[in-house]
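Here is the structure we will look at, set down as structure tokens.
Residue numbers begin at 1 in each chain, while the letters A, B, ... track the order of the sequences. Basis for what follows: all heavy atoms, side chains included, without hydrogens, waters or symmetry-related copies. These numbers come from a predicted model, not from an experiment.
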Amino acid sequence: MLSIQNLHATVGGTEILRGLSLEVNAGEVHAIMGPNGAGKSTLAYVLGGRPGYEVTGGTVTFSPLPLAGGAGGGSVAASAAHDPTRPHLTPPASGRGIDLLALEPHERAAAGLFLGFQYPVEIPGVSNVQFLREALNAQRKARGEGPLSGGEFLKLAREKAALLKFDMEMLKRPVNVGFSGGEKKRAEMVQMGILDPAFAVLDETDSGLDIDALRIVGEGINSIMRKPDKAVLLITHYQRLLDYVRPDFVHVLAKGRIVKSGGAELAHQLESEGYEMVAA
Amino acid sequence: MTLPTRRDEEWRYADFAALETLAPEEFGQWKEIELAPGETRRKCLVLDGSGPELHRVRLTVGEGARAELFAVNAGGDYTRLEVVVRLAKGAHFEFGGVTIGGGAATREFVTRLDHAEPEATSHQVVRAVHWGQATGNFLGRIEVARNAQKTDAAQDFKGLILERGASTNAKPELVIYADDVKCAHGAAIGQMDETARFYMAARGLPPEVAQRLLVRAFVADAFAALDDEAERETMLDAALKALGDRG
């Protein structure tokens with residue numbers, strides 16, 4: 001579903017990613033662990049298309065399944081790819097993959113990519129409900145689907161908020177404003193539930209969570225994303241989230257590339273032995 | 001009558017090339033409005049003409065009366081709303097203004113409040129959103145007379161510059177002769193929050209939709225005190241229409 005080949009990226013002229021390669025198939029959860037400064041957040045931002053994160057080499061091919069969730073998968077990407085005004089979006093000749101790096105950040109979202117932020121951003125004056133309804137309808141429009149009405153949207157939002165045990169009243173408040181660290185992370189998961197992406201990159205979603213919130217978020221990720229047509233890239237410092245969201249593969253990222261890969265047991269080994277021993 | 005010059009403080013940011021196209025008598029046209037004691041009156045103005053415009057208002061607010069003025073200044077050329085207010089005892093003046101637009105036009109609000117008697121209050125919130133070569137100004141003068149104890153006057157300005165080349169000017173001016181008063185003013189000018197824009201893009205919002213949401217939230221402060229939802233929406237829409245015409 002996501003194929004990263006020899007990815008190089010710089011931030012402010014400094015090379016952070018140095019030849020990172022990774023294959024994630026539909027139905028899989030991959031965890032990326034690694035020490036501070038290894039490039040974990042840079043990888044997330046490069047996949048999301050954040051300005052200032054410059055790709056200097058490599059490719060990222062995104063191939064959402066045709067029927068991926070409610071998000072509808074690759075139709076938008078396909079339509080964007082065939083936009084004659086944007087010839088650089090022409091998909092690779094083999095298969096139906098999209099050149100993810102050629103898409104604008106909002107086009108990546110509409111294609112089915114969700115980026116969970118380590119530090120979710122506060123947007124004063126814009127309510128969660130307004131923000132998410134506009135976002136969902138913008139994605140639907142990009143995929144050639146009709147907009148959800150206010151009532152339809154609220155029904156969906158209520159259902160997803162309940163799943164994450166998130167107070168619906170908080171969704172009426174401005175985006176992340178006055179939310180605690182844990183509430184922000186849970187709000188991210190409610191957003192993910194509503195937007196229903198094919199592929200989620202979750203950047204340290206477990207940081208700032210207490211034990212109960214960690215369990216709720218973990219179960220949320222499972223119920224939203226643990227499906228045969230979806231996949232997850234979990235970026236984390238610690239093993240504890242992986243107790244709830246059991247990864248199929250664990251990768252160690254060090255100095256901008258993946259230096260070791262294994263199964264779920266690798267996370268335990270990292271936790272007990274440390275990155276230096278394992279990555280050496 | 002004497003015509004203004006750039007040396008006049010209240011005209012220092014005005015577009016004199018545009019002013020020269022106006023007939024001299026236009027400078028003397030003041031609209032006089034008087035509120036009787038205890039009266040409440042509200043006015044919502046949308047200024048979106050194409051030529052240079054001067055709107056000069058003299059407002060006398062009687063004892064315990066409440067005057068509310070809300071304005072969108074989105075003129076296509078130099079557009080000035082100037083309000084001179086005299087507040088009697090216990091009177092209130094509420095002002096919410098938005099200057100918004102691109103091009104090369106200067107759009108400005110100039111208010112001069114005379115807290116002439118005790119216990120009067122005033123609250124002014126101005127937001128400026130500009131792009132292109134446009135300029136948005138707020139010149140707010142508050143005078144508190146010697147006997148006007150318990151005056152409570154607040155003034156708040158924020159400017160949002162969408163592109164290099166646009167500018168805003170804020171000139172708060174407090175002249176206070178009484179000692180038992182509260183006068184607050186704040187002014188800040190900034191750019192669009194890039195982090196918020198990326199966050200919104202990551203959720204699927206195209207840049208123009210994200211910008212509209214952020215600008216709407218920014219200018220909404222100016223109409224927060226407008227206690228009528230339908231009118232508030234009308235004013236917000238009028239302000240955002242200028243943004244929609246962008247480019």
Side-chain angles (χ1 to χ4, degrees), chain A residues 44-45 47-53 71-72 76 80 103-128 130-143 174-177 184 187-188 190-192 194-197 200-201 203, chain B residues 70 72 96-98 100 125-129 156-160 162-164 186 188-226 229 232-233 235-237 239-240 243-244 247:
Chain A
Y45 285 142
L47 293 177
R50 183 168 192 158
Y53 289 72
V76 68
L103 299 181
E104 294 295 321
H106 67 281
E107 295 171 333
R108 300 181 193 198
L113 178 78
F114 179 88
L115 176 59
F117 280 57
Q118 183 178 0
Y119 302 107
V121 179
E122 298 186 5
I123 311 176
V126 180
S127 78
N128 282 283
Q130 185 187 18
F131 172 53
L132 288 169
R133 189 178 160 210
E134 293 260 10
L136 180 59
N137 282 337
Q139 290 197 19
R140 290 177 65 92
K141 187 177 172 191
R143 293 192 290 261
V175 177
N176 292 320
V177 176
K184 285 180 183 172
E188 289 284 279
V190 175
Q191 294 187 12
M192 185 170 76
I194 289 170
L195 298 174
D196 196 21
V201 180
D203 186 11
Chain B
F70 298 96
V72 171
V98 172
I100 185 164
V125 179
V126 174
R127 296 291 179 262
V129 182
D156 179 63
F157 172 85
K158 285 196 183 114
L160 179 61
L162 298 185
E163 285 172 1
R164 184 185 292 270
I189 296 168
Q191 291 171 299
M192 198 63 101
D193 181 346
E194 284 307 314
T195 312
R197 282 176 58 131
F198 174 63
Y199 187 65
M200 294 170 99
R203 297 294 171 262
L205 289 171
E208 63 280 8
V209 179
Q211 177 164 287
R212 181 169 53 75
L213 279 175
L214 290 172
V215 169
R216 186 183 173 88
F218 181 80
V219 300
D221 291 350
F223 306 125
L226 176 49
E229 199 178 336
R232 198 163 58 233
E233 289 300 314
M235 294 301 277
L236 278 171
D237 289 348
L240 289 168
L243 190 69

Subject >> Audit row: B:Arg197, A:Ile123, side chain to side chain contact (heavy atoms under 4.5 Å, CB included) steps and yes/no >> reply: CA-CA 10 Å; B:Arg197 282 176 58 131; A:Ile123 311 176; over 6 Å; no
Original post:
Is the number of heavy atoms from other residues, nucleotides or ligands within 6.0 Å of CD (B:Gln191) greater than 12?
Top reply: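 It does not: B:Gln191 CD has 12 such atoms or fewer within range.
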[X] versus [Y], closest heavy-atom pair with distance:
X: B:Ala217; Y: A:Val126; answer: CB-CG2, 3.8 Å
X: A:His106; Y: B:Leu205; answer: CB-O, 3.4 Å
X: A:Ala135; Y: B:Arg203; answer: CB-O, 3.3 Å
X: A:Ala109; Y: B:Ala202; answer: CB-O, 3.5 Å

**OP:** Identify which part of A:Arg108 has an atom lying under 4.5 Å from any heavy atom of chain B, answering side chain, backbone, both or neither.
**Re:** neither
Original post:
Where does A:Pro120 contact chain B at under 4.5 Å (heavy atoms): side chain, backbone, both or neither?
Top reply: both
**OP:** Mind checking ring pair (Phe, Tyr, Trp, His ring centres under 6.0 Å) for A:Phe117 and listing every partner two or more places apart, or none if nothing turns up?
**Re:**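 If we apply the ring pair (Phe, Tyr, Trp, His ring centres under 6.0 Å) test to A:Phe117, skipping adjacent residues, the hits are B:Phe198, B:Tyr199.
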Subject >> Partners passing side-chain contact (heavy atoms from CB on, under 4.5 Å) against A:Ala44 (at least two apart in sequence or in another chain) >> reply: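 For A:Ala44, the residues satisfying side-chain contact (heavy atoms from CB on, under 4.5 Å) (neighbours in sequence not counted) are A:Leu115, A:Val201, A:Asp203, A:Ile235.
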Original post:
Side chain, backbone, both or neither: which part of B:Ala196 has an atom under 4.5 Å from a heavy atom of chain A?
Top reply: both
Original post:
Taking A:Glu122, A:Gln130, A:Gln191 one by one, which has the highest count of heavy-atom pairs under 4.5 Å against chain B?
Top reply: A:Gln191
